[in-house]
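Heavy atoms only: backbone and side chains are in, while hydrogens, waters and symmetry mates are out.
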Amino acid sequence: MPTDSQLWTVMLYNEYRWTVILDRISALNSDFERRTSDLGLRTSNFEHAEGDEWKVLDLKDNNKEWAEETLTHLSEALAAVFLEDWGGPRSPMALRYIHETIIPDLMHCLRHNGDLIQNPSFAEVISWKLKTQFAYPTSIAGSLATDLLQAAQEIVIIPQVTDPREPWRRTFRLWVSGETLPNIVERTGYPLDYLDLLLLRLKKLRRFIAGRRVSLLECLQHEELKAYGFEQLSFLYQFESSLAGEPLFRERLALEQVIHELGLPLEVSDLVTLLEVIHQQEGRLDEPSLIAALREVTVPVGDGGSGKAYLFPEILKGLISVYWVHKNKAGKLALSEKSAQILAGFLLPRLTERVEEAILAKDMAQAKEILLEQNPEILARLIGRLAKELNAAESFELLTSAYKQVSRRIDLEILEGLGQIGFREPMPEQAQVFLLGALNDKDSLIRAKACEALGRLGKEEAIAPLMERLEDEVPGVREKAAEALGKLKAQAAAEALADRAGDIAEAILVREAAREALQQISVRK
């Protein structure tokens, strides 16, 4: 078992720059109080170190883990607004609805957005809840929402975020991260109608600026768009512009969401570096080993910063809790599918550069090793990028060297990559031999993907083997064989395709693919 110092040295190897986090944390002596306050954290969350004893930094989210006493007082304050200040109904049924439905729903929303109680856009959210969920008239919903939030403000004493764009920012972070609207409703407590309105407005803005260089000023002059108000329209405009043109914008928003959700005292770049470290050691270290290796990562606490708090354990626990890091059957740490997909965007340029350097040095074994040491999600993305950036001969040699080495999913990506290359530029003769061999694989998905690739390769020698696949036992393979023959404009296959197209016992997708292939063949010049 390697020592802690050896593990530490390995994790700092090459491009993995964990020292970035160490440097930033060491510079937080005077700034730490402000940053943790902004995150809804307080130094009372930290256990101080005494002597050589290291204590764990507690990253509890104060917005959600409120004391029972706070929850009781908040519930009573909200009830007082409904029943006393506004003279609410007194019938047993109405009182039960207020106490068992409306107040619990509002409490859920406030616990997830406790730092937005003084935010004007959040007041709009509460007003929408009252109108759309609880049927309060529009004429009173706004004023009632204001009174409810004022009552909550006296109970919930945490740092506030007053930027009116913040509630929308949180919604769109979740949306870009792949959450469905019902899940966003559950995660934020926002009413579904309000979320629908935001997305509808984004779609209308997107249609207005589609394919044109439109300024925010032009949007503000549009009769319907300007009704959104300057703050919301400018937010939506900036979001759409970044989504369309800023590299890694989606990935950064997903990382910001994790940082916000867990209350991590990290920047996006820090979290990227941390995930890189875990990725590099994926499947090798368990949780205690990785924590021990990162023992130096601490923050100053206590009087004058004399104490030390052990930062990493709670961060790792948080990442595990939201399924960004998981443990395999052997208890070793690995990235989840989602975190690996996000990390891939940040790693691909450097990984591509390393592969190209190895190929330039004529070290194909090193290039292959770079591929095989990657998480499968990252490797899948890397294969697609290499297929676009390397020349045909280099791509073929490298990608086929990893064939049948990882998983069926990666094998399919390799075949897809070879097909893309063949569509773009001539491939070496070995490529056709390789793909023809894949036509006879036991796996029907491999056979189907090989049909696709051969169709893009454009070699007439593939026509006869593809015609044989028209008799494959799996409809999906027959469908892809028909499509490939159409792309090859294979006149010799016309009769066989006509038989497939006219066979009423054949699968519909196969019949349609055969008809389309016949149309392609008929227009052959």
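Paired with R165 under the rule side chain to side chain contact (heavy atoms under 4.5 Å, CB included), one option of R170, Q232, Q238 passes, and it is Q238.
Between the side chain of N119 and the main chain of P167, no donor-acceptor pair closer than 3.5 Å is present. For the pair Q374 (side chain) and I370 (backbone), a donor-acceptor distance under 3.5 Å is present. Distance alone, capped at 3.5 Å, is enough to place a donor-acceptor pair between the S234 side chain and the E231 backbone. One N or O on the side chain of E218 and one on the backbone of S215 form a donor-acceptor pair closer than 3.5 Å. Side chain of N113 to backbone of L116: no donor-acceptor contact under 3.5 angstrom is found. The backbone N or O of A340 sits nowhere less than 3.5 Å from a side-chain atom of H279 that would complete a donor-acceptor pair.
Using modelled atom types, one finds no donor on one side chain facing an acceptor on the other under 3.5 Å when comparing Y323 with E337. Using modelled atom types, one finds no donor on one side chain facing an acceptor on the other under 3.5 Å when comparing Q118 with Q160. Between E394 and N391, the side chains place a donor N or O and an acceptor N or O closer than 3.5 Å (distance only, hydrogens not considered). Between the side chains of Q520 and E516, not a single donor N or O lies within less than 3.5 Å of an accepting N or O.
With sequence neighbours excluded, the residues forming a side chain to side chain contact (heavy atoms under 4.5 Å, CB included) with E357 are E353, listed by chain and number. Partners of F134 according to the ring-ring contact (aromatic ring centres under 6.0 Å, His included) rule, which considers only residues two or more places apart in sequence or in another chain, do not exist here.
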*Run the side chain to side chain donor-acceptor pair (under 3.5 Å) check on R250 and S177 step by step: do they pass?*
CA-CA 7 Å; R250 288 178 178 270; S177 299; over 6 Å; no
_Test log, rule side chain to side chain contact (heavy atoms under 4.5 Å, CB included), inputs V125 and T188_ = CA-CA 11 Å; V125 171; T188 63; over 6 Å; no
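Within the structure, the side chain to side chain donor-acceptor pair (under 3.5 Å) test picks out the following pairs touching residues 139-150 (sequence neighbours left out): W86-D147.
In this structure, F239 and F172 have tilted ring planes: the angle between them lies in the 30° to 60° band. Ring-plane geometry between F434 and F396 is classed as perpendicular, the angle between the planes exceeding 60 degrees on a 0 to 90 degree scale with a lower cut at 30.
At a threshold of 4.5 Å between non-hydrogen side-chain atoms, the residues H112 and Y190 do not count as touching.
Across L488 and G458, no two heavy atoms sit closer than the pair CD2-CA, 3.4 Å. The two residues L110 and A152 have their closest heavy-atom pair at CD1-CB, 4.2 Å. Closest of all the heavy-atom pairs between L372 and A402 is CD2-CB, 4.1 Å.
Taking CD1 of I209 as the reference point, atom OG of S241 lies at 5.5 Å (rounded to 0.5 Å).
For the pair R212 and F208, the cation-pi criterion (under 6.0 Å, within 45° of the ring axis) is fulfilled.
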